[in-house]
Asker: 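A single structure is presented below for examination.
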Amino acid sequence: MIYCNYKKICVMVSKNTIRYKCPITNVPTKDNVRIALDIGVNFHIGRSQETEEEDVKKFFYNFGPNRLEELLQEECEEGIRDFIKKIRVNRVRDVKTELTSSLLAELVTKFAIYGVVIEQVNIMNVIMPRDLRVCLMET
């Protein structure tokens with residue numbers, strides 16, 4: 001066994017999928033009703049076995065975990081707000097698949113250059129104002 005004294009471990013990055021929860025509040029719809037959404041984003045670092053080491057270096061030295069959290073929060077919030085402001089409040093629950101697919105495509109392209117692979121985007125909960133929920137259920 002040979003020991004290289006000039007190499008050291010400077011960072012450890014998990015190969016597991018990580019789930020990031022991103023609550024977004026006070027999102028206006030087309031008819032100016034404020035709603036809240038709970039978004040979940042699954043991602044991992046590194047694309048494949050061949051490019052994994054390069055992706056980890058790109059991620060850690062050029063980006064880092066703190067900036068990843070900030071940028072992920074901002075990009076999710078911006079994408080959701082842009083999409084929801086075109087939708088009426090009574091259709092918000094019906095367009096979940098369209099919303100997640102557009103947000104997923106947007107996040108994949110923005111984070112690929114940093115070595116971050118976005119696997120999945122889920123909308124776990126849509127929260128409308130209580131009085132509006134009651135009114136919509138009655139009609």
Side-chain angles (χ1 to χ4, degrees):
M1 184 165 142
I2 299 173
Y3 176 71
C4 298
N5 62 355
Y6 59 89
K7 289 188 178 183
K8 67 177 183 173
I9 297 173
C10 61
V11 64
M12 291 182 73
V13 177
S14 175
K15 293 182 179 182
N16 296 338
T17 298
I18 301 164
R19 175 122 180 147
Y20 178 72
K21 294 180 183 175
C22 178
I24 303 171
T25 58
N26 206 15
V27 181
T29 61
K30 188 174 184 178
D31 41 3
N32 205 22
V33 175
R34 305 292 174 154
I35 63 172
L37 296 109
D38 291 329
I39 308 293
V41 180
N42 294 347
F43 68 92
H44 67 272
I45 309 301
R47 289 174 292 210
S48 65
Q49 293 288 5
E50 297 84 34
T51 62
E52 185 175 18
E53 189 173 330
E54 293 172 20
D55 289 342
V56 169
K57 285 180 184 177
K58 276 195 255 180
F59 170 73
F60 189 74
Y61 291 116
N62 298 329
F63 199 57
N66 293 334
R67 286 210 44 220
L68 173 66
E69 183 177 7
E70 291 173 12
L71 189 61
L72 200 54
Q73 175 73 31
E74 291 169 5
E75 291 297 330
C76 286
E77 195 165 327
E78 180 184 339
I80 293 292
R81 287 184 187 278
D82 288 344
F83 191 87
I84 294 292
K85 73 180 177 185
K86 302 172 192 168
I87 305 295
R88 291 195 170 275
V89 71
N90 60 351
R91 291 197 52 235
V92 169
R93 292 182 189 262
D94 300 335
V95 295
K96 279 185 176 181
T97 55
E98 294 172 35
L99 177 58
T100 55
S101 61
S102 69
L103 186 60
L104 177 64
E106 194 174 302
L107 291 176
V108 165
T109 57
K110 288 187 179 180
F111 285 93
I113 59 172
Y114 301 114
V116 178
V117 179
I118 307 291
E119 294 176 351
Q120 188 177 16
V121 176
N122 294 323
I123 298 177
M124 297 175 285
N125 197 5
V126 177
I127 305 163
M128 293 184 202
R130 182 175 171 77
D131 55 344
L132 180 63
R133 269 195 318 247
V134 171
C135 183
L136 286 175
M137 285 173 37
E138 291 175 359
T139 56

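Positions are given from 1 along the sequence.
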Asker: Output the distance between atom CG (Leu37) and atom CG (Leu99), rounded to the nearest 0.5 Å.
Answerer: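 Leu37 atom CG to Leu99 atom CG measures 7.0 Å (nearest 0.5 Å).
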Asker: Can you get from Met124 to Leu103 by hopping between Ile, Leu, Val, Met, Phe, Trp and Tyr side chains that sit under 4.5 Å apart?
Answerer: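 Different clusters.
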Asker: Where do Glu106 and Gly79 come nearest, in terms of heavy atoms and distance?
Answerer: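 What the structure gives for the nearest pair is OE2-CA, 3.8 Å.
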Asker: One pair to check against side chain to side chain contact (heavy atoms under 4.5 Å, CB included): Leu107 and Glu75. What are the steps and the verdict?
Answerer: CA-CA 7 Å; Leu107 291 176; Glu75 291 297 330; 3.6 Å; yes
Asker: What's the separation between atom CZ in Arg88 and atom CG in Asp94, rounded to the nearest 0.5 Å?
Answerer: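 Reported to 0.5 Å precision, the distance equals 14.0 Å.
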Asker: Looking at Val126, Ile24, Val27, which hits side chain to side chain contact (heavy atoms under 4.5 Å, CB included) with Ile84?
Answerer: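 Considering Val126, Ile24, Val27, a side chain to side chain contact (heavy atoms under 4.5 Å, CB included) with Ile84 is found only for Val27.
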Asker: Mind listing the closest non-hydrogen atom pair of Lys86 and Asp82 along with its distance?
Answerer: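 It is CE-O, 3.4 Å.
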Asker: Is there a side-chain contact between Ile45 and Phe60, using heavy atoms and a 4.5 Å cut-off?
Answerer: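 Not touching, per the 4.5 Å side-chain cut-off.
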Asker: If you look at every heavy atom in Ile35 and Met128, which pair is closest and at what distance?
Answerer: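 Closest approach of Ile35 to Met128, heavy atoms only: CG2-CG, 4.0 Å.
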Asker: What is the distance from atom CG of Asn42 to atom CZ of Arg19, rounded to the nearest 0.5 Å?
Answerer: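 It comes to 4.5 Å.
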Asker: Taking all heavy atoms of Ser102 and all of Phe83, pick out the closest pair and write down the distance.
Answerer: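 Closest approach of Ser102 to Phe83, heavy atoms only: OG-CD1, 3.8 Å.
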Asker: Would one find more than 12 heavy atoms of other residues, nucleotides or ligands at under 6.0 Å from atom CD of Glu69?
Answerer: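 No - once you tally the heavy atoms of other residues, nucleotides and ligands closer than 6.0 Å, there are 12 at most.
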Asker: Could you state the interatomic distance from CZ (Arg34) to CG (Asn26), rounded to the nearest 0.5 Å?
Answerer: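 Those atoms lie 5.0 Å apart.
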Asker: What distance separates Ile87 CD1 from Asp31 CG, expressed to the nearest 0.5 Å?
Answerer: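 The distance works out to 10.5 Å.
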Asker: With rounding to the nearest 0.5 angstrom, report the NZ to CG distance, Lys110 to Leu71.
Answerer: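 Going from the NZ atom of Lys110 to the CG atom of Leu71 covers 8.0 Å.
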Asker: Does any non-hydrogen side-chain atom of Leu72 lie less than 4.5 Å from one of Ile118?
Answerer: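 Contact flag for Ile118/Leu72 side chains = yes.
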Asker: Given Phe43, which partner from the list Val121, Val108, Leu68, Val117 fulfils the side chain to side chain contact (heavy atoms under 4.5 Å, CB included) test?
Answerer: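 Of all the options given, the one that passes is Leu68.
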Asker: In this structure, are over 12 heavy atoms from other groups packed under 6.0 Å from Lys96 atom NZ?
Answerer: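 It does: Lys96 NZ has more than 12 such atoms within range.
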Asker: Mind checking whether Glu78 and Arg81 have side chains closer than 4.5 Å, heavy atoms only?
Answerer: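 Side-chain contact under 4.5 Å: no.
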